[in-house]
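Data block below; observations after.
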Amino acid sequence: MSNLIFDSVTKIFGEGSSKYVALENINFEAESGQLILVVGPSGSGKTTFLTIAGGLQTPTNGDVKINDSTINSLSKKKQTKLRLEKIGFVLQSYNLVPFLTVEEQFKFVDKLKNQNLTEQKMHELLSDLGLLELLKKYPNQLSGGQKQRVAIARALYTDPDYILADEPTAALDTDRSMKVIELLRDLAHKRNKIIIVVTHDLRLKDMADKVYQIIDGKMTILEK
Amino acid sequence: MFLAIKEMLHEKLRYSLIVVLIFLVSYLLIILTGLATGLANLNKAAINEWDASSIVLNSDSEGRLQQSFLSQDEVASLPNNGTRISQYSTLVKSENGLKENAQLVALDSKSFIFKKLKITSGSKNIRNNAGVVSDKFKSDGFKIGDYLLVANSSLRIKITGFTPRATLSALPVVYISPDTIQSLNKGVTNAVVFKNTLNNSKIPKGTNQLSIGSFINKLPGYSAQQLTFNFMIGFLYIIILIVISIFLYILTVQKLPNLGVLKAQGVSTQYLVLSTLFQSFIMSVIGVIIAIILGEITAITLPSEVPIVIDKSNIIVTGIGIIIMSLLGALIPIRQIAKVDPYKIIGG
Ligand SMILES: Nc1ncnc2c1ncn2[C@@H]1O[C@H](COP(=O)(O)OP(=O)(O)OP(=O)(O)O)[C@@H](O)[C@H]1O
Ligand SMILES: [Mg+2]
């Protein structure tokens, strides 16, 4: 079992008159096997929340803990390594390296982690996600939905403890958005991952195990 | 360097364009350095062959051999292990009408310079109006046993041997004996050349000791010529630096969002920086190698009148110079890579 905890996290940008409180005293908890949705209007602090969860930014106050160890005090180098090994990012765009084929996106991860291509694992993942016939294609030869599915597969490939997704469905129509979220939910359940999806699309709410809402930097849990 | 290679193979056009640019500038650099060396050699090759370290000239000569005349007293008070040089530039003709501007240089056949002189064919004999001449004469059609008729004089010099790399101020040298030059310049001593640098106390008043290096620098036109070349060469290095910087900068700016996401995905800055350096290195190596090959071909195909010398040291210096420039050119892009904040990219 792994977990991710925000313990009274506050993030303040700027100083003096330009001071801006993006996140205010946030408490958040996620456990393996859960798909968690974070919803909120534009500018409410969703991306800020996600980047702090991924160690891309440090909180002004409070602690972020993965499996009970604090990550915000780690060095930049260690945070990068942590992201490579424990966290998968899925973003709205630019997830894939444009000059690598789908297969090479995975090979690249192998090179980074100094491991041999675990062909079987890749094939399993890709067939799970219905991507096997795309192996030799470059990102610009894929549809938006296919790109996001490959991005999810790539994020999963390192076998991370958790996946952070920022508006992964923003470029997709409702149907495809539903499919991608469904996929993420199944992965969370079957592979026992923590999957956190940030979105302003409230229609996705019903798919999640837990829904948090951020408004003006304050987070509340939405009862289902 | 998986990422670097894949990227170059995928974006062949872009990267080939940079390689072509590097190649063109390197080629120009190799040709220019070759010309600079070739022209420098034409000026000083004979002096280098002397293998001396200092030369004593008249104080008022400004270091010019032709303007320097030493009195018999001055010569006599100098150590006697030096080689006395008497010089006369003139036009010489062969009996069958070949012409050549030449530097006649008279020296004693027992002098260390004459003993050092190498011979490519014939014999090393300057007795009785014989001369050992630059092999430039040979390539221009003169033969052993031919007579050189000195313009405005009844002197006839018989060619007994050819010596390599014997040019002085861009003219081929004819080595003759002091007796032979007597009728042309009354046997005046222009300078005395020494194997070792003399103690200043041994330099008579009215004369001046120069190191061979500074003597060469004072050869007519030599410094100006080399300065011009060095200026052009220096400029080319700056141009290649700027061109590579700009290209890599543009390429990097285009892929900053991708780089940001890669960082978010856990790819270290170090990896991305090394990747860029590697690309820069590979491109410059390819460009330089093509330039070297084409430079060599050019040097071979150019007519022999073009004094171009592409030697190992030229190639090594230019090659390393270009590679260093291209690595330096990667510095600005590297700064961008280091600075790109994944959060900024994601936050959009
Ligand atoms: N580096 C920063 N400096 C100052 N203010 C910032 C910075 N980054 C974010 N903010 C502010 O923090 C607030 C939250 O930004 P955030 O990007 O988290 O919003 P969001 O919920 O992801 O919005 P959207 O749905 O539009 O992506 C915004 O008001 C933004 O202007
Ligand atoms: Mg956002």
Side-chain angles (χ1 to χ4, degrees), chain A residues 11 13 22 42-43 45-52 54-58 76-101 103-105 107-113 138-140 151 154-155 157-158 160 163-167 170 198, chain B residues 1-19 247-248 250-280 282-283 333-348:
Chain A
K11 178 71 182 177
F13 290 115
S42 179
K46 301 183 299 290
T47 298
T48 307
F49 165 77
L50 203 74
T51 49
I52 289 177
L56 292 174
Q57 289 199 92
T58 46
K76 266 216 147 75
K77 240 189 172 148
K78 286 213 169 105
Q79 285 182 345
T80 304
K81 194 154 178 273
L82 180 84
R83 286 202 297 278
L84 181 62
E85 284 168 358
K86 290 237 169 18
I87 307 173
F89 266 103
V90 179
L91 308 169
Q92 188 178 327
S93 50
Y94 298 116
N95 284 303
L96 304 174
V97 184
F99 48 83
L100 296 182
T101 63
E103 185 173 19
E104 286 164 350
Q105 311 277 344
K107 264 194 201 157
F108 178 44
V109 175
D110 286 330
K111 301 267 177 207
L112 288 175
K113 296 190 78 180
Y138 286 98
N140 63 3
R154 189 219 169 276
Y157 184 59
T158 57
I163 289 186
L164 303 174
D166 192 2
E167 310 270 9
V198 151
Chain B
M1 292 289 95
F2 180 78
L3 205 61
I5 294 169
K6 287 286 174 195
E7 182 174 21
M8 288 200 279
L9 290 179
H10 192 70
E11 307 279 0
K12 285 192 198 75
L13 185 68
R14 287 178 188 188
Y15 287 95
S16 323
L17 215 62
I18 307 181
V19 170
F247 260 85
L248 289 180
I250 294 171
L251 287 185
T252 310
V253 165
Q254 283 180 343
K255 57 187 187 190
L256 277 184
N258 286 302
L259 294 173
V261 172
L262 283 176
K263 281 189 176 183
Q265 289 171 341
V267 180
S268 64
T269 301
Q270 189 194 346
Y271 182 94
L272 299 172
V273 164
L274 282 178
S275 216
T276 302
L277 278 178
F278 179 78
Q279 287 180 337
S280 210
I282 289 292
M283 288 190 290
I334 283 173
R335 229 175 80 87
Q336 290 176 290
I337 294 173
K339 269 190 356 195
V340 61
D341 186 347
Y343 161 69
K344 294 258 164 61
I345 305 291
I346 294 170

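Since the model is a prediction, treat every value here as computed from it, not as a measurement. Each chain gets a letter, A, B and so on, in the order the sequences are listed, and its residues count up from 1.
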For this session: Identify which of S93(A), P98(A), G54(A) forms the greatest number of heavy-atom pairs closer than 4.5 Å to chain B.
Result: P98(A)
Problem set entry | Residue among T158(A), N95(A), V109(A), L164(A) with most heavy-atom pairs under 4.5 Å to chain B | N95(A)
Exercise. For E104(A), is it the side chain, the backbone, both or neither that has a heavy atom under 4.5 Å from a heavy atom of chain B?
Worked result: both
For this session: Please state whether the rings of H10(B) and F99(A) are parallel, tilted or perpendicular, taking 30° and 60° as the class boundaries.
Result: tilted
For this session: Using a cut-off of 6.0 Å, state whether more than 12 heavy atoms not belonging to K76(A) lie near its atom NZ.
Result: no
Exercise. Could you state the interatomic distance from OG1 (T58(A)) to OH (Y343(B)), rounded to the nearest 0.5 Å?
Worked result: 11.5 Å
Seminar exercise, completed: Among residues 251-264 of chain B, residues within the sub-4.5 Å heavy-atom range of chain A, in order of number, are P257(B), N258(B), V261(B), L262(B), K263(B), A264(B)
Exercise. Mind checking whether F2(B) and F108(A) have parallel, tilted or perpendicular rings, split at 30° and 60°?
Worked result: parallel
Exercise. What residue, out of K6(B), Q270(B), E11(B), has the most heavy-atom pairs lying under 4.5 Å from chain A?
Worked result: K6(B)
Exercise. Who are the side-chain hydrogen bond (donor to acceptor under 3.5 Å, both in side chains) partners of T80(A), not counting sequence neighbours?
Worked result: none
Exercise. Checking I87(A) against chain B: side chain, backbone, both or neither under 4.5 Å from a heavy atom?
Worked result: neither
Problem set entry | Residue K111(A) versus chain B: region with a heavy atom under 4.5 Å | side chain
Seminar exercise, completed: Counting heavy-atom pairs under 4.5 angstrom with chain B, the leader among L84(A), L96(A), L100(A) is L84(A)
For this session: May I ask you to check whether over 12 heavy atoms, not counting those of Y271(B), lie within 6.0 Å of atom OH?
Result: yes
